[in-house]
Student: 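Pasting in a structure now, in structure tokens, and then I'll have a few things to ask.
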There are 2 protein chains.
Amino acid sequence: MTYSIGELSRLTGVKPTTIRWYESEGWLHAAERSEGGHRLYSDAHLGRLTFIRHARELGFESEAIRALLRLAGRPDADCGEAHALASAQVREIDARIERLASLRAELARIAGHCLGGTVGECRIIEALAEPAARLTPMPRGA
Amino acid sequence: MTYSIGELSRLTGVKPTTIRWYESEGWLHAAERSEGGHRLYSDAHLGRLTFIRHARELGFESEAIRALLRLAGRPDADCGEAHALASAQVREIDARIERLASLRAELARIAGHCLGGTVGECRIIEALAEPAARLTPMPRGA
DNA sequence: CCTTGAACCTCCAGTCGCTAGAGGGCCCAT
DNA sequence: ATGGGCCCTCTAGCGACTGGAGGTTCAAGG
């Protein structure tokens, strides 16, 4: 079974331009070509692209995805590393949730002080301009 | 009271390069200059930069921050808009938390299936390659 | 077989929110 | 006056794509 780039796109939800970009960056092996130069994808491509997309959606970092792809290529390797990567990812998500929760509390606190007067008395604006309560920045990437 | 860019940086936790970048992008008004061309910041700059930084840390989008800055410049305006922006931000954070929670559940489920065998039998790798359970992508920007 | 128009091709530029480096100039304490 | 730490501008780069221009190929209908 072979697929055009558009079919692959429909099957995976990844846009054609992005698929081409994945190829150019080495995430996806270069596809066969038709006589006229159109890309022809196999089921192997479909699986790999689905894998990449799914891992991205789950928030894995690119290095982790590369590691998982390497693992997937060695079916007799130990599963432990995959498990470790997944667990690390769960911990990462936990940390992110925690941080968002504290942001939410801070914001709700600020917004709760609003008494509906003019901006001059607005606690929201004031609170944002106050140097206090410095927060550490969110880690890059979602 | 005036500050050098380095002092402003120390006071706000924003790097000098980033401060210059904020100026070039119009987030911050251009600073006065010393005879030799060094930037000299006022307390007004300090307040505005703190505001921007704080709002960014709370995850406001750039358009929302611009709107808040516009509001801050009109002290007699109605506070309602600021309140609306803050509330929208709280809802946004809630949605993000919810999404992360479902990602976490999915991942934990996948990782929980790992029985420690070889990669060939690994549910983590398998699950990622499966087209099922498509998730919508995270909104851009943390 | 021919036409048509959707899908495909390559290449290049832009996005966002910064960050880093090169190559120099300024400021001030000793 | 000198040292070295701070500051200046300009340019390029990051990640992870996205969009457009300008041209070619494919497949279905007539």
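Every value quoted in this text rests on a predicted model; they were computed, and no experiment measured them. Residue numbering restarts at 1 for every chain, and letters A, B, ... go by the order of the sequence lines.
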Student: Can you tell me if CD on A:E32 sees more than 12 non-hydrogen neighbours from other groups inside 6.0 Å?
Tutor: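 Incorrect, the count does not exceed 12.
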
Student: Let me know the distance between CH2 of B:W27 and P of C:dG17, rounded to the nearest Å.
Tutor: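 To the nearest whole Å, that distance equals 7 Å.
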
Student: Just the rounded figure in Å: distance from C1' of C:dC8 to CD1 of A:I19.
Tutor: 12 Å

Student: To the nearest 0.5 Å, what is the distance between CZ (B:R39) and OG1 (B:T2)?
Tutor: 14.5 Å

Student: Quick one: label A:R56 by what it contacts on the DNA or RNA (base, sugar-phosphate, nothing), any heavy atom closer than 4.0 Å.
Tutor: sugar-phosphate

Student: Tell me whether the OP1 or OP2 atom of C:dC16 has a side-chain N or O from B:S62 closer than 4.0 Å.
Tutor: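 No, outside the criterion.
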
Student: Quick check: is B:L40 connected to B:V14 through a chain of hydrophobic side chains (ILVMFWY, heavy atoms under 4.5 Å apart)?
Tutor: no

Student: State whether A:S4 places a side-chain N or O below 4.0 Å from either non-bridging phosphate oxygen (OP1 or OP2) of C:dC8.
Tutor: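 It does, given that an N or O in the side chain of A:S4 lies less than 4.0 Å from OP1 or OP2 of C:dC8.
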
Student: Which nucleotide sits closest to the side chain of B:T18: D:dC7, C:dC18, C:dT10?
Tutor: C:dC18

Student: Rounded to whole Å, how long is the line connecting atom CD1 of B:I65 with atom P of C:dC16?
Tutor: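 Nearest whole value for this atom pair: 14 Å.
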
Student: Summarise protein proximity over nucleotides 20-30 of chain C in one line of letters, 5' to 3': B for base, S for sugar-phosphate only, - for none, counting protein heavy atoms closer than 4.0 Å.
Tutor: S-----SS---

Student: Under a 4.0 Å N-O cut-off, is there an ion pair linking A:E126 with A:R123?
Tutor: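 Between A:R123 and A:E126 there is a salt bridge, with a charged N closer than 4.0 Å to a carboxylate O.
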
Student: Grab the CD-C1' distance between A:E57 and D:dA16 for me, whole Å please.
Tutor: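 The distance from CD of A:E57 to C1' of D:dA16 comes to 14 Å, rounded to the nearest Å.
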
Student: Which of the following nucleotides, C:dC9, D:dC7, D:dC17, is nearest to the side chain of B:I5?
Tutor: D:dC7

Student: Could you check whether B:R48 makes a cation-pi contact with B:W27, meaning its NZ or CZ is under 6.0 Å from the centre of the six-membered ring and within 45° of the ring axis?
Tutor: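 The answer is no, since B:R48 fails at least one limit relative to B:W27.
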
Student: May I ask you to verify if any side-chain N or O of A:R33 is less than 4.0 angstrom from the OP1 or OP2 atom of C:dT10?
Tutor: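 Yes.
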
Student: Rounded to whole Å, please give me the gap between CG in A:L49 and P in D:dC17.
Tutor: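 Between P of D:dC17 and CG of A:L49: 11 Å.
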
Student: Rounded to the nearest angstrom, tell me the gap between atom CG in A:L28 and atom P in D:dA16.
Tutor: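 Answer to the nearest Å: 16 Å.
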
Student: For A:Q89 and A:L58, indicate whether the former's side chain and the latter's backbone hold a donor-acceptor pair under 3.5 Å.
Tutor: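 It does hold such a pair.
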
Student: Using a cut-off of 4.0 Å on non-hydrogen atoms, how would the nucleic acid contact of A:R39 be classed: base, sugar-phosphate, or nothing?
Tutor: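 Sugar-phosphate, backbone atoms only, no base.
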
Student: State whether A:R20 places a side-chain N or O below 4.0 Å from either non-bridging phosphate oxygen (OP1 or OP2) of D:dG19.
Tutor: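 Checking A:R20 against D:dG19: no side-chain N or O falls below 4.0 Å of OP1 or OP2.
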
Student: Check the distance between D:dC14's P and A:E25's CD and give it to me in whole angstrom.
Tutor: 10 Å

Student: Please give, in whole Å, the distance from D:dG19 P to A:W21 CH2?
Tutor: 15 Å

Student: Are A:Y22 and A:R53 close enough that some pair of their side-chain heavy atoms sits under 4.5 Å apart?
Tutor: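 Yes, at least one pair of side-chain atoms sits under 4.5 Å.
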
